[in-house]
Amino acid sequence: MSENQGFRYTAALAAEIEQRWQDRWEAEGTFHAVNPEGDLADPTAGELGEKYFLMDMFPYPSGAGLHVGHPLGYIATDVVGRHQRMLGKNVLHALGYDAYGLPAEIHAISTGEHPRDNTLANIANMRRQLRRLGLGHDERRSFATIDPDFVRWTQWIFLQLFNAWFDPEQQKARPIAELVEKMGTSDPAVIDTHRLAYVSESPVNWCPGLGTVLANEEVTAEGRSERGNFPVFTRSLRQWNMRITAYSDRLIDDLERVDWPEPVKLMQRNWIGRSHGAHVDFASPAGPIRVFTTRPDTLFGATFMVLSPEHPLVDALTTPEQAETVAAYRETAAAKTDVERQADKHKTGVLTGSTATNPVNGEQIPVLVADYVLMGYGTGAIMAVPDGDARDAEFAEVLGLPTVEVIAGDTIVNSSNDDVSLDGLSVDDAKSTIIAWLETSGHGTGTTTYRLRDWLFSRQRYWGEPFPIVYDEHDNPIAVPDHMLPVELPEVPDYSPRTFAPDDVTSEPEPPLGRVDEWVHVTLDLGDGPKQYRRETNTMPNWAGSSWYELRYADPHNGDELVSAANEEYWLGPRETGGTGGVDLYVGGVEHAVLHLLYARFWHKVLFDLGHTSSEEPFHRLFNQGYIQAYAFTDARGTYVPADEVEETVSDAGVPTFTWNGEPVDREYGKMGKSLKNVVTPDEMYDAYGADTFRVYEMSMGPLDVSRPWETRAVVGSQRFLQRVWRLVVDEETGESVVTDAELDAATLRVLHRTIEGVAADMDGLRFNTAIAKLIELTNHLTKAEVTARAAIEPLALMLAPLAPHLAEEIWARLGHEGSLARAPYPVADPAHLVADTVLCIVQVQGKVRAKLDVAADATEEQLTELALGEANVQRAIDGREVRKVIVKAPKLVNIVV
RNA sequence: GCCGACAUGGCGGAAUGGUAGACGCGAUGGUCUCAAAAACCAUUGUCCGAAAGGGCGUGCGGGUUCGAGUCCCGCUGUCGGCACCA
């Protein structure tokens, strides 16, 4: 190292500064947030002031460690948290770990290492990598979902759901005791079917390749597991379910009360899939056939009916002549999976031989069986209106069935009987008219259906929360009492569920806990003396812990309650009447739009109904971050080659070509991953540039919600910026401070206060990329003007503090301040310095810029017009034509129209 | 098929209906150096021009406006969600 490197802001110096400040922050508890009560309260703190509760989506501690894409959101939330703290808020920001998960279990299966040991090691590694980033977290509030103390409350919440039912009249959950009282019985056969957590024998998604069942949300449109991409089959099994469908309306309606990105709200609405329509009964020889339709206004156009092959009335409706045809059709349909049915694009179906009566006009219409009608939605039977529905039209054409025109433009035609006429009405009016008629005549009712299914909650895995449930001698589920929680996982000889060939349809789930006989069969005294019970051997899905963890950050060590009322209300309670409450900012990827965010909202609402929270929604404001993507390169054989060894050459035409070891390679764009040989780690960035440079680079790459490619060679730009800042404060040769007490010149004052104003607005809007650009401009101005006055350096350091906190602290200290700047006030622009004496005025002719004038800020329209017309270039553009109009937006713009 | 988002230099990106391309990377030229790296300075949308200046330019085609990357209508492409949902 040469002499003058000694005081330069190099990676080595950055590392020294950064680690020193990280140690000091930890020692001083700089980022501790004060609670209203409990162990994290501080009686000496006085008024707590306004709170700001900030959250990142729970990470899963992967064994592979972090790559540079992972910290993007954590850096962003840290910038927000530090900024809010400097605005005087009491900021709650911590990070826990979603630590149950398939990778640890798979690792355990292959190595025999306990998943807990492996998971805890991964958490330790991740904590180390993240600490080096300098995140301002309250580390006292960190936890993992596998901590017995956390599992205890996850199980407690499960029992809240088990011990509650949904009252459709009040549209809320109520204690099950109130249902027992209302029904006048405690018979499990009656009561258990109403619980919010209930066991049912129902069709579930069985995935032999994973050896477990899956929730609907975990199955892709292609009928495969979202995790692992294994085939999924429908099996009827006894499993735990959560009655999330009871909350369909509130889950949709309350989306309007939260501050979330529209696309996410839309995805949730579509997933819940509420559609308004009517149930209509069609008389038939086998009794009424009930259909669901969203278009009752087209009833007069119903020319046939279609039942799903699984519909219970098919047998009764099939005439002897058609029996063989129908039986054969149903057999073929049954042999097909859902995916195969959908893959078949052309519609098939057969006549039952019976007819049904269209209630609006008494017409006898044929009843058919076809597999494009699904048993799982609506009633499994439809009225077919070829004039309105494309599928019905296609089917009618295949079978030569008639079409009656009932829709002309946006009005209804050919639709009247002796009682009612829809002719000439709009679709909406026709719907309400016909529903009223159906209800008075007893042929049907207006109704609403949902696409959402109940949440399948059992998994046949080892590494998850055990259910706090035992079964008695009648096989009825009994809650394990509160004082026996948590129910801990037993040690097992083998962590794997029985897995099968991925396409083995006949396989049956077999959870690993079922093999630990002495754990499964227990003697407990549940109030009526010691008795034999059998434990539930399924475990909860990974979503359990993440469905309520926001509450625990607010009161992480509370042994008596999930969260104390005062702590919950302070951190999460609504801040205006009618508000939902919830976390002030929740940042994470859009891939959780449906799964995690729907489950968490559901549990939070149940806890609200039962009086455990004052907030109705867990996350008031949601922000979806983009991803850091990367290029990967393949050689002629399609094998990935190390991305950091690929050389790029750009032709004169601007077309890049890529070579590795002289061989041409192909570039592809996507994720970062070990197998793609394109991983860049934060550790490499710390070594080469330091954490502050890495943070500034990630934040400057583009808007937070947009994905963008990683480019290591561009990181140096952020380092050069921080080096220029450093040089404003420190002499690189002597290490001495160069800061002066000089007064700022007018130009610098104006640049400084414009920067303060602009950066403040950008920080509020989470536009860190443009905030950084403005700070660079200020720094470049100070460098060029050779201004090193304290009056400029102090606000620069304060504005830099959320983004590059270690460097900012170091400068702050060198300016003579004793304490951390974590709570120093964020700079505020002085309006007096925002106004300029002269401004740039753009002169346009026909909307095209022809001159730029330096004019007095208070110039009048007349003065500006005169000045503009006096410009030679403007006169040349006017070219002797008559000036028809002059538009003046004083003092910045003059547009001359000829 | 339905719903949604996006489209700007060689690259990442910036622009309350008012100077398109801030800021950064890269590239080119220079300072320093025996030399190189680093750092610093300058130039950098494109075409014509020595310059002054001018033409063209925000995926494509129209429109509104004194003025459109921005607003409206119609396309194309890329990405995401849902998908025989009655």
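Predicted model only: the values in this text are computed from it and were never measured. Chain letters run A, B, ... following the sequence lines, proteins first, then strands; residues in each count from 1.
In this structure, Lys848(A) reaches the sugar-phosphate backbone alone: every heavy-atom distance under 4.0 Å involves primed, P, OP1 or OP2 atoms, never a base. As judged by a 4.0 angstrom heavy-atom cut-off over every strand, Ala714(A) is placed among residues touching the sugar-phosphate backbone only. Ile842(A) comes within contact range of at least one nucleobase, with a heavy-atom separation under 4.0 Å. If you check every strand for non-hydrogen atoms under 4.0 Å, Leu840(A) touches a base. Among the protein residues, Thr379(A) comes within range of no part of the nucleic acid, since none of its heavy atoms lies under 4.0 Å from any strand. Nucleic acid contact class of Thr293(A) (heavy atoms, under 4.0 Å, all strands): sugar-phosphate only. Within 4.0 Å (heavy atoms only), Ile776(A) reaches sugar-phosphate atoms of the nucleic acid but no base atom. The residue Arg274(A) sits apart from the nucleic acid: no heavy atom pair falls under 4.0 Å. Within 4.0 Å (heavy atoms only), Arg724(A) reaches sugar-phosphate atoms of the nucleic acid but no base atom. Across all strands shown, Arg451(A) has heavy atoms under 4.0 Å from base atoms, whether or not it also approaches the sugar-phosphate.
Geometrically, Arg8(A) does not engage Trp726(A) in a cation-pi contact, judged by NZ or CZ lying under 6.0 Å from the ring centre and within 45° of the ring axis. Seen from the ring of Phe633(A), Arg667(A) does not count as a face-on cation partner, given the 6.0 Å and 45° thresholds. Both tests do not hold together for Lys347(A) against Phe395(A): distance to the six-membered ring centre under 6.0 Å, angle to the ring axis within 45°.
Here Arg295(A) does not reach the OP1 or OP2 of A86(B): none of its side-chain N or O atoms lies under 4.0 Å away. Between Ser275(A) and A86(B) there is a side-chain N or O to OP1 or OP2 distance below 4.0 Å. Taking 4.0 angstrom as the limit, Arg850(A) places none of its side-chain polar atoms (N or O) nearer than this to OP1 or OP2 of U19(B).
Of the candidate nucleotides A86(B), G55(B), A22(B), A22(B) has the atom nearest to the side chain of Glu777(A). For Lys885(A), the listed nucleotide lying nearest its side chain is C66(B); candidates were C66(B), A39(B), C82(B). The listed nucleotides are A14(B), C66(B), G18(B); the one nearest the side chain of Thr770(A) is A14(B). The side chain of Gln844(A) lies closest to U19(B) when the candidates are A39(B), U19(B), G4(B). Distance from the side chain of Arg727(A) is smallest to C40(B) among G26(B), C40(B), G12(B). The listed nucleotides are U19(B), C40(B), G54(B); the one nearest the side chain of Arg720(A) is C40(B). Of the listed nucleotides (A86(B), G13(B), C56(B)), G13(B) has the atom at the smallest distance from the side chain of Pro703(A). The listed nucleotides are C23(B), G81(B), A42(B); the one nearest the side chain of Lys784(A) is A42(B). Comparing G13(B), C23(B), C66(B) by their nearest atom to the side chain of Asn780(A) picks out C23(B). Of the listed nucleotides (A86(B), A22(B), C11(B)), A86(B) has the atom at the smallest distance from the side chain of Val373(A).
Within the shown strands, nothing qualifies as a pairing partner of G49(B) under the Watson-Crick or G-U definition with both distances less than 3.5 Å. As the counterpart of A22(B), no nucleotide is assigned, since no Watson-Crick or G-U wobble pattern has both distances under 3.5 Å. Pair assignment for A27(B): U43(B), on the basis of Watson-Crick or G-U wobble contacts that are both within less than 3.5 Å. For A86(B), there is no paired nucleotide, since no Watson-Crick or G-U wobble pair has both relevant distances below 3.5 Å. Pairing partner, U70(B): none, since no Watson-Crick or wobble contact has both distances short of 3.5 Å. Here G4(B) sits opposite C79(B) as a Watson-Crick or G-U wobble pair (both hydrogen-bonding atom distances under 3.5 Å). Using Watson-Crick or G-U wobble geometry with both donor-acceptor distances under 3.5 Å, A15(B) finds no partner in any strand shown.
For Lys347(A) against C84(B), a side-chain N or O and a base N or O form a donor-acceptor pair under 3.5 Å. One cannot find a donor-acceptor pair under 3.5 Å joining the base of G67(B) and the side-chain atoms of Gln846(A).
Mapping Val716(A) and Val849(A) onto RNA chain B by nearest heavy atom places Val849(A) closer to the 5' end of the strand. The 5' end of RNA chain B is approached more closely, in terms of each residue's nearest nucleotide, by Arg876(A) than by the other of Ala381(A) and Arg876(A).
Per the geometry, CD belonging to Gln268(A) stands 14 Å off C1' belonging to C82(B), to the nearest Å. Regarding Arg8(A), its CZ atom lies at a distance of 15 Å from the P atom of A37(B), rounded to whole Å. Nucleotide G1(B) holds its C1' atom 15 Å from the CG atom of Asn270(A), rounded to whole Å. Rounded to whole Å, the distance from CG on Asn769(A) to C1' on A15(B) is 12 Å.
Here G61(B) is in the anti range [glycosidic angle more than 90° from 0].
From Ser700(A), atom OG reaches atom CG of Leu775(A) across 11.5 Å, with rounding to the nearest 0.5 Å.
Ring centroids of Tyr627(A) and Trp710(A) are separated by 6.0 Å or more, keeping the two rings apart. Here Tyr689(A) and Phe694(A) keep their ring centres 6.0 angstrom or further from each other.
On the P atoms, G69(B) is 10 Å away from G57(B), given to the nearest whole Å. Using P as the reference atom, G74(B) and C2(B) are 14 Å apart when rounded to the nearest Å. Look at the C1' atom in both G63(B) and G13(B): the space between them is 30 Å, to the nearest Å. On the C1' atoms, C6(B) is 11 Å away from G59(B), given to the nearest whole Å. Atom name P, nucleotides G12(B) and U19(B): the rounded distance is 24 Å, in whole Å.
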Given salt bridge (Lys or Arg N to Asp or Glu O under 4.0 Å), test Glu732(A) with Arg727(A) step by step and report yes or no. CA-CA 7 Å; Glu732(A) 288 188 334; Arg727(A) 268 197 296 275; 3.1 Å; yes
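Around atom NZ of Lys265(A), more than 12 heavy atoms belonging to other residues, nucleotides or ligands sit under 6.0 Å away.
Considering all non-hydrogen atoms of both residues, Ser284(A) and Ala356(A) come closest at CB-CB, 4.1 Å.
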